[in-house]
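All values reported here derive from a predicted model rather than from experimental measurement. Starting from 1, each residue takes its place in the sequence as its number.
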Amino acid sequence: MSNATKTTTQGALLFIHAQTALHPGSGTALGTVDLPVQRERHTGWPNIAGSALKGVLRDACRERIHQKTGQPRKVVNEEHSDVVTIFGPGKVDESSAHAGALTVSDARILAYPVRSLRGVFAWVTCRSVLERLCRDLTLIGAEPPSLPPTWPGEHRALVPTNSPLLVGQSAQVTIVLEEFDYKVVGPSDAVAKWLADHAVADKFAQDRMKSHLVVLSDDDFTHFVRNATEIVARIALDYERKTVKEGALFYQEFLPAETLMYSVLLANSSRNEKASMDAAEVLDKVRQCLEDVRVLQIGGDETTGKGLCAVHVLQS
């Protein structure tokens, strides 16, 4: 294999489908919500830090490789050479030896679940989200979806043909999301089918995506991802007095179950002098580990069942 082939970058998208409520925390805040979710500075849309996501991937791959090689799980500080090559050295005193071969971007929002008057809930997205998805697909060399020829304006929506979300008949067809109604001005079938075929893995979600994906204006979409999150009060009780312990009441923000996000994975050839691995091998090992695992726990509150996410990798 030539040096040119070995240094070629390989790309993929990692789709993340929340099965339970998700808390990618950003630390404490000064507002009403004590523990908000992380958000992009310029859009206010939720995201997951690439560093946190890379750590989750590292743990998942380490567990799978240890199982396959028979290495005891307790030997956590003696990682398999494949893990070190892909993600970089795990020990602080060895971090300057070489960088990992895998780059993991922040996970970006793709489709957000919103309560609907009919059809239970809809996934909403918008022009800016879909155009950014197309840009990232081009980056990894994959074919992007066909985007709508025209985009909806404020209080307008594109909805799949014959969707169960629809309310009314003829020219008065609308959908009702939370307390807002949106006039249906066209179909979203092409985008809905692409997401069903590529972004979600289980048959239930695929079938539902084809009929429940709604394209809104950028401003309407932004309203929902900023204001339609789950806010949960967390407390600790004083068992003697049966009251809340002092300082133990706080409010935590979650992204709802069914939230759909994605991250860009870029693989390079090994930078580890002790192990030879080209970019395609790096990406293939990560993909195989995720196919075995299928569900990752991302974010906080692991022991209460939060952050369980179905994942799968799309390569060009």
Side-chain angles (χ1 to χ4, degrees), residues 10-27 35-61 86-87 100 102-113 123-126 128-140 142 144-145 194-195 198-202 205 209 213 221-222 224-226 228-230 253-267 283 286-287 289-291 293-302 306-316:
Q10 298 285 322
L13 292 191
L14 173 66
F15 288 103
I16 303 167
H17 181 196
Q19 310 291 285
T20 60
L22 175 65
H23 178 71
S26 64
L35 297 176
V37 299
Q38 182 174 339
R39 295 179 179 275
E40 296 177 351
R41 176 70 175 176
H42 61 299
T43 63
W45 300 346
N47 68 347
I48 303 172
S51 57
L53 187 56
K54 187 175 182 179
V56 172
L57 294 176
R58 184 189 191 110
D59 284 344
C61 290
I86 295 170
F87 297 98
L102 183 70
T103 298
V104 182
S105 78
D106 293 350
R108 298 165 169 172
I109 191 70
L110 179 54
Y112 191 77
W123 275 293
V124 300
T125 188
C126 69
S128 292
V129 167
L130 294 174
E131 289 180 341
R132 186 163 66 174
L133 171 67
C134 290
R135 182 185 65 196
D136 291 334
L137 286 167
T138 302
L139 177 66
I140 68 167
W194 191 96
L195 293 183
H198 299 89
V200 290
D202 64 276
M209 181 65 74
L213 182 76
F221 172 80
T222 299
F224 285 121
V225 297
R226 287 180 178 174
T229 55
E230 297 179 9
E253 184 179 26
F254 291 90
L255 302 179
E258 305 297 341
T259 299
L260 185 61
M261 309 180 82
Y262 74 94
S263 171
V264 179
L265 305 180
L266 294 175
L283 205 54
V286 174
R287 180 186 56 78
C289 286
L290 293 179
E291 284 181 353
V293 175
R294 295 195 177 184
V295 175
L296 297 178
Q297 198 284 331
I298 301 173
D301 297 280
E302 178 178 357
K306 305 298 186 183
L308 295 176
C309 299
V311 294
H312 79 282
V313 175
L314 171 68
Q315 291 181 253
S316 58

>> Test of understanding: with side chain to side chain donor-acceptor pair (under 3.5 Å), list the residues that count as partners of E291, not counting sequence neighbours.
In response: R287

>> Taking salt bridge (Lys or Arg N to Asp or Glu O under 4.0 Å) as the definition, give me every residue that meets it alongside E131, ordered by chain and number, with sequence neighbours left out.
In response: R127

>> For residues 307-316, which residue pairs pass the salt bridge (Lys or Arg N to Asp or Glu O under 4.0 Å) check, not counting sequence neighbours?
In response: none

>> Is the shortest side-chain heavy-atom distance between L53 and I298 below 4.5 Å?
In response: yes

>> Suppose we screen for side chain to side chain donor-acceptor pair (under 3.5 Å). Which residues come up paired with D106, at least two apart in sequence or across chains?
In response: none

> Can you tell me how far the SG atom of C134 sits from the CH2 atom of W194, to the nearest 0.5 Å?
Replying inline: 8.0 Å

> Mind checking what makes ring-ring contact (aromatic ring centres under 6.0 Å, His included) contact with H23, not counting sequence neighbours?
Replying inline: F254

> What's the shortest heavy-atom distance between L110 and V129, and which atoms?
Replying inline: O-CG1, 3.5 Å

> Would a 4.5 Å heavy-atom cut-off, applied to side chains only, mark R39 and E253 as touching?
Replying inline: yes

>> Rounded at 0.5 Å granularity, tell me how far OG1 in T43 sits from CZ in R132.
In response: 6.0 Å

> Is there a donor-acceptor pair closer than 3.5 Å between any side-chain N or O of S316 and the backbone N or O of I140?
Replying inline: yes

>> Counting C-beta onward and ignoring hydrogens, is there a side-chain heavy-atom pair between L314 and Y262 closer than 4.5 Å?
In response: no

> Rounded to the nearest 0.5 Å, what separation is found between the CD1 atom of I86 and the CG atom of L102?
Replying inline: 7.5 Å

> To the nearest 0.5 Å, what is the distance between CZ (R108) and CE (M261)?
Replying inline: 10.5 Å

>> Please determine whether a side-chain nitrogen of the Lys or Arg among E230 and K306 lies less than 4.0 Å from a carboxylate oxygen of the Asp or Glu.
In response: no

>> Going by the rule side chain to side chain donor-acceptor pair (under 3.5 Å), which residues pair with T103 if we only count those two or more places apart in sequence or in a different chain?
In response: none

> So, for A18 and P256, which heavy atoms are closest and what is the spacing to 0.1 Å?
Replying inline: CB-O, 4.3 Å

> What residues, two or more places apart in sequence or in another chain, satisfy salt bridge (Lys or Arg N to Asp or Glu O under 4.0 Å) together with R135?
Replying inline: none

> About how many Å separate SG of C289 and CG of D59, when rounded to the nearest 0.5 Å?
Replying inline: 12.0 Å

>> Using the ring-ring contact (aromatic ring centres under 6.0 Å, His included) criterion, which residues pair with F15? Sequence neighbours excluded.
In response: H312

> Side-chain contact, heavy-atom cut-off 4.5 Å: V313 with L283?
Replying inline: no

> Is there a side-chain contact between V225 and P46 (heavy atoms, below 4.5 Å)?
Replying inline: yes

> What residues, two or more places apart in sequence or in another chain, satisfy side chain to side chain donor-acceptor pair (under 3.5 Å) together with Y112?
Replying inline: none

>> Taking salt bridge (Lys or Arg N to Asp or Glu O under 4.0 Å) as the definition, give me every residue that meets it alongside R58, ordered by chain and number, with sequence neighbours left out.
In response: E79

> With sequence neighbours excluded, what pairs up with F221 under the ring-ring contact (aromatic ring centres under 6.0 Å, His included) test?
Replying inline: W45

> Is there a side-chain contact between L265 and L57 (heavy atoms, below 4.5 Å)?
Replying inline: yes

> Would you call N47 and I109 a side-chain contact if the rule is heavy atoms closer than 4.5 Å?
Replying inline: no

> Does some side-chain heavy atom of T259 sit less than 4.5 Å from a side-chain heavy atom of L22?
Replying inline: no

> Given L195 and L133, is the side-chain contact (heavy atoms from CB on, under 4.5 Å) satisfied, shown in steps?
Replying inline: CA-CA 11 Å; L195 293 183; L133 171 67; 4.3 Å; yes

> Taking atom CH2 of W123 and atom CD of E258, what is their separation to the nearest 0.5 Å?
Replying inline: 5.0 Å

> Sub-3.5 Å donor-acceptor pair from the side chain of S263 to the main-chain atoms of V104, do we have one?
Replying inline: no

> With sequence neighbours left out, what residues match D202 under salt bridge (Lys or Arg N to Asp or Glu O under 4.0 Å)?
Replying inline: none

